[in-house]
There are 2 protein chains.
Amino acid sequence: MKDKFFNYIHKLQDSITSKLEAIDGEATFHEDIWERPEGGGGRSRIIQNGAVFEKGGVNISGVHGTLPDSMKKYFGVEDADFFACGLSLVLHPKSPMVPTVHANWRYFEMYDKDGNIVDQWFGGGQDLTPYYLFDEDAKHFHRTCKTACDKHNSEFYPKYKERCDEYFYNTHRNEGRGIGGLFFDYCKSTDTMSMEDWYNFVTEVGDSFLEAYVPIVEKRKDLSYTHEQRNWQEVRRGRYVEFNLVHDKGTLFGLKTNGRIESILMSLPPHVQWVYDHKPETGSEEERLVKILENPVEWV
Amino acid sequence: MKDKFFNYIHKLQDSITSKLEAIDGEATFHEDIWERPEGGGGRSRIIQNGAVFEKGGVNISGVHGTLPDSMKKYFGVEDADFFACGLSLVLHPKSPMVPTVHANWRYFEMYDKDGNIVDQWFGGGQDLTPYYLFDEDAKHFHRTCKTACDKHNSEFYPKYKERCDEYFYNTHRNEGRGIGGLFFDYCKSTDTMSMEDWYNFVTEVGDSFLEAYVPIVEKRKDLSYTHEQRNWQEVRRGRYVEFNLVHDKGTLFGLKTNGRIESILMSLPPHVQWVYDHKPETGSEEERLVKILENPVEWV
């Protein structure tokens, strides 16, 4: 399973980065191969200053070794060996008309002293953060998520959509980071779902990513926008930073476990603003977005 | 003591904001008076888009009531009533030649059920974050800190200088946020220092702030700078954000205890950049700064 999924994310990274390069037309991904001193490493691919993508990363990693102390505490276990691999991506488009997207698919194994697997699970999801909200884009993104989920279990979409709204929430702002999508974790073998079934589900979601995001980019990337709309995007990107640095477990986990800083913080947007007490105008498109972030919508 | 110190920070806020307005010459502070539903409130003063100060806040607050759960846990106490007041300031100058400065002076009281004081302490400090390092500025800032300390105890400066270097440290980057200054906390009554003595010490440091910072601003505010130097400032401001959102206890505490978000996050810089794997050129001024942030210097 470990090798199968690791192989899958390598191929997925290739297909996603080549498609995104084709859309961008100007910038290409810069590749950094890195090693983790304690075991394993990764392949980070970063795009910057493109025609469409101002900054983004599509990173894979596979790490293993003895569970670090902070992870022991987190999982509530004693000494153990582990293996973890996954693909993480964040794309910050230049135009405020094109939403930021985040996705992640990961697999985890824990071993006893004899190297037997004692626990294993999948996790992941994908979610959208628009600066200007086109309802049809939100519907398209969620519909694609639902279609992928429904092939496996009709309860998955409503459940993982709700978890996504809960997880990507800036509690200190009382608003969601974006308009959600899917978020699932600790997907373990059960009577009805074997690990093989979970693999099929997680890769189904992985395979749906380009279908969920690319049509939105194509539709919005050439729309014109004003300096004020760009400012609004940069202010909203500040909220993205706040979520990732204050609340996101994955980011904090990485920062506290000697992860590769540049690969972790590739998620942060290129140009960001913090304006004191910034409030959108009454009745504006910006205000409509914030109201929707405060009260998640059923898009499908 | 409570009233005396609260009165002091009101006056200090006035003297600091009027001096800063005089230096800026263009922008003035916007004042927001706010109330805390659970008791107390504050007076935030914010300056934005000035000739010298791109963004800054000089805020006072005085809050009281029942200790919130998160504070109980933090202080390791049971149910208690508390009073806390302080002045917090952060100034982000427009020019990368002028350093960012942060300062804070605060006082805390805890009460038993009958309203008797069971614990009380002062805390605070002031620290400098340059983007281009002029050694004479660092020396001036630290010398002013030392002079204020030495009037009370010759051990204070080395001790609180070291604590400042330790506290304002981005562990995930292995570098200091800036070149330090003073940081002290839990300054409680002892055989040699009464609360009155601590009051005199803390207000001495408060009174030294303008003397420590203003001459540096005056000296550097009219220096010319390039677009590249401004970019470097915005990239370094990213590290400021990282510290405040990932590590700063005061910020996280405020975010998790229903503090006034806009007053807490006024500390975040106005325009910020995150560039993937940004590294200063070998032998450059930018590289020299980073090396000094990695290995704190004795400036006095």
Review point. Chain A: which of B:Lys55, B:Met266, B:His278 shares the most heavy-atom pairs with it under 4.5 Å?
Key: B:Lys55

Check your understanding: Would one find more than 12 heavy atoms of other residues, nucleotides or ligands at under 6.0 Å from atom CD of B:Glu287?
Key -> yes

Check your understanding: For the residue pair A:Asp277 and B:Arg260, what are the closest heavy atoms and their distance?
Key -> OD2-NH2, 4.1 Å

**Study point:** Residue selection (most heavy-atom pairs with chain B, distance under 4.5 Å) from A:Asp32, A:Thr171, A:Val235
**Key:** A:Asp32

Check your understanding: Around atom NZ of A:Lys72, are there more than 12 heavy atoms of other residues, nucleotides or ligands at under 6.0 Å?
Key -> yes

**Study point:** Contact class of A:Leu268 relative to chain B, heavy atoms under 4.5 angstrom
**Key:** both

Review point. Would A:Tyr276 and B:His30 count as a side chain to side chain contact (heavy atoms under 4.5 Å, CB included) if you check the C-alpha gap in whole Å, the side-chain angles of each, and the deciding distance to 0.1 Å?
Key: CA-CA 10 Å; A:Tyr276 175 73; B:His30 162 87; 4.2 Å; yes

Exercise for review: Can you tell which part of B:Gln273 gets under 4.5 Å to a heavy atom of chain A, answering side chain, backbone, both or neither?
Suggested key: both

Check your understanding: Do you know which of A:Arg237, A:Gln48, A:Glu234 has the most heavy-atom pairs under 4.5 Å to chain B?
Key -> A:Gln48

Point to revise | Evaluation steps, side chain to side chain contact (heavy atoms under 4.5 Å, CB included), between A:Leu265 and B:Glu242 | key: CA-CA 10 Å; A:Leu265 297 184; B:Glu242 289 174 24; 3.6 Å; yes

**Study point:** Among B:Val246, B:Thr251, B:Ile264, residue most engaged with chain A (heavy-atom pairs, under 4.5 Å)
**Key:** B:Val246

Review point. Is the number of heavy atoms from other residues, nucleotides or ligands within 6.0 Å of CD (A:Glu35) greater than 12?
Key: no

Review point. Can we say B:Glu262 and A:Arg173 salt-bridge, meaning some charged N sits less than 4.0 Å from an Asp/Glu carboxylate O?
Key: yes

Review point. If you measure from CG on B:Leu245 to CZ on A:Phe243, what distance do you get to the nearest 0.5 Å?
Key: 13.0 Å

